[in-house]
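The structure presented is a predicted model; accordingly, all values stated were derived computationally and were not measured. Side chains included, hydrogens not; waters and symmetry mates left out as well; all remaining heavy atoms used.
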Amino acid sequence: MQIIKDKKVCDDDWVIVRELDDAAPIPEGNVILPFSYWQANREELLKQDSAHAVWIDGDIETKELSGELEHFSIIGLDFPAFKDGRSYTHARMLRDRYGFEGELRAIGNVLRDQMFFMFRCGIDCFEVSEGKDAEEALKSFNDFSVRYQAAADDAVPIYKLR
């Protein structure tokens, strides 16, 4: 699958596991697991000599992840619908409050029109919605030349340029 990472289109071998019973065997390979599965199988997963990745949706409190961040190379933030923006808040909290420096990946209903704002919140990797052109989606990062407020992307807001 192709993703946009660090504002470049690249191939990715991570697979998002959407539904997984907590008692199911640990999947092999590069998988992004539901956070509930991580919680239920934490000790077994930590015994593995591999990178770990989880995904959360808007129902999870970011605080629940805060003590586990050192174990994750990727945290997927689910955007199930255009109108659900709770993962924007998750991204800002993970970056600003909890200091997460790994990859924050937008998954689910990721639309070109939202990617500029997702990036400003600290998301640095994007799973482009199926059927959408990743090269076209890259253009979203240039949709706006001016930033009006500070954000996780460290762009200088316009009021500081005067």
Side-chain angles (χ1 to χ4, degrees), residues 1-20 30-39 51-66 68-69 71-162:
M1 170 191 0
Q2 285 195 323
I3 58 170
I4 296 175
K5 183 174 181 176
D6 300 323
K7 296 185 180 180
K8 295 180 186 114
V9 176
C10 57
D11 292 323
D12 183 57
D13 61 352
W14 285 87
V15 176
I16 298 166
V17 178
R18 283 289 181 174
E19 295 190 29
L20 185 63
N30 294 330
V31 290
I32 302 175
L33 300 167
F35 184 60
S36 61
Y37 187 84
W38 167 267
Q39 290 174 309
H52 299 291
V54 296
W55 66 269
I56 61 171
D57 59 21
D59 293 334
I60 301 292
E61 291 293 330
T62 328
K63 186 177 180 181
E64 291 181 51
L65 286 163
S66 64
E68 304 288 343
L69 296 178
H71 302 297
F72 305 134
S73 60
I74 298 172
I75 297 176
L77 301 172
D78 190 29
F79 290 85
F82 175 78
K83 63 182 180 177
D84 188 346
R86 296 176 289 176
S87 286
Y88 287 97
T89 304
H90 287 331
R92 283 301 303 261
M93 291 181 73
L94 286 166
R95 293 286 190 218
D96 296 344
R97 183 176 293 173
Y98 300 115
F100 182 68
E101 295 180 2
E103 178 181 302
L104 287 181
R105 181 179 294 200
I107 64 173
N109 190 27
V110 179
L111 304 175
R112 178 204 187 281
D113 295 346
Q114 298 171 308
M115 289 173 52
F116 174 85
F117 301 106
M118 290 176 177
F119 182 77
R120 296 226 55 221
C121 288
I123 297 171
D124 55 357
C125 184
F126 306 86
E127 176 189 79
V128 180
S129 296
E130 192 172 325
K132 302 296 182 182
D133 182 5
E135 292 292 337
E136 177 64 28
L138 274 177
K139 296 176 185 175
S140 71
F141 298 115
N142 298 316
D143 284 348
F144 302 97
S145 60
V146 177
R147 279 78 171 163
Y148 289 97
Q149 67 272 359
D153 66 354
D154 293 328
V156 178
I158 193 168
Y159 70 88
K160 288 189 175 184
L161 297 175
R162 292 188 169 166

Any donor-acceptor pair under 3.5 Å from [X] side chain to [Y] backbone:
X: R105; Y: F126; value: no
X: D124; Y: L104; value: yes
X: D84; Y: R86; value: yes
X: S140; Y: D113; value: no

Looking only at heavy atoms, which two atoms of [X] and [Y] are closest? And how far apart?
X: A51; Y: W14; result: O-CH2, 3.9 Å
X: F35; Y: I60; result: CD2-CG2, 4.3 Å
X: E64; Y: Q39; result: OE1-NE2, 3.4 Å
X: V17; Y: W55; result: O-NE1, 2.9 Å
X: C10; Y: K5; result: SG-CB, 3.8 Å

Report yes if the side chains of [X] and [Y] come closer than 4.5 Å at any heavy-atom pair, otherwise no.
X: L69; Y: L94; value: yes
X: V54; Y: I32; value: no
X: I4; Y: V128; value: yes

NZ or CZ of K7 within 45° of F119 ring axis and under 6.0 Å: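 Yes, K7 lies over the aromatic ring of F119.
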Parallel, tilted or perpendicular: rings of H71 and W38 (30°, 60°): tilted
Contacts of type side-chain contact (heavy atoms from CB on, under 4.5 Å), residue C121, not counting sequence neighbours: Y88, A91, R92
Spatial distance of atom CD1 (I75) from atom OH (Y98) [nearest 0.5 Å]: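 Answer for the CD1-OH pair, I75 versus Y98, is 11.5 Å.
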Greater than 12 external heavy atoms within 6.0 Å of E61's CD: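 Check fails, neighbour count at 12 or below.
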Whether over 12 other heavy atoms sit under 6.0 Å from R18 CZ: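 Yes, CZ of R18 has more than 12 neighbouring heavy atoms, counting only those of other groups under 6.0 Å.
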Residues which pass salt bridge (charged side-chain N to carboxylate O under 4.0 Å, His left out) with D57, listed by chain and number, not counting sequence neighbours: none
Pairing residues for E136 by the salt bridge (charged side-chain N to carboxylate O under 4.0 Å, His left out) criterion, not counting sequence neighbours: R112, K139
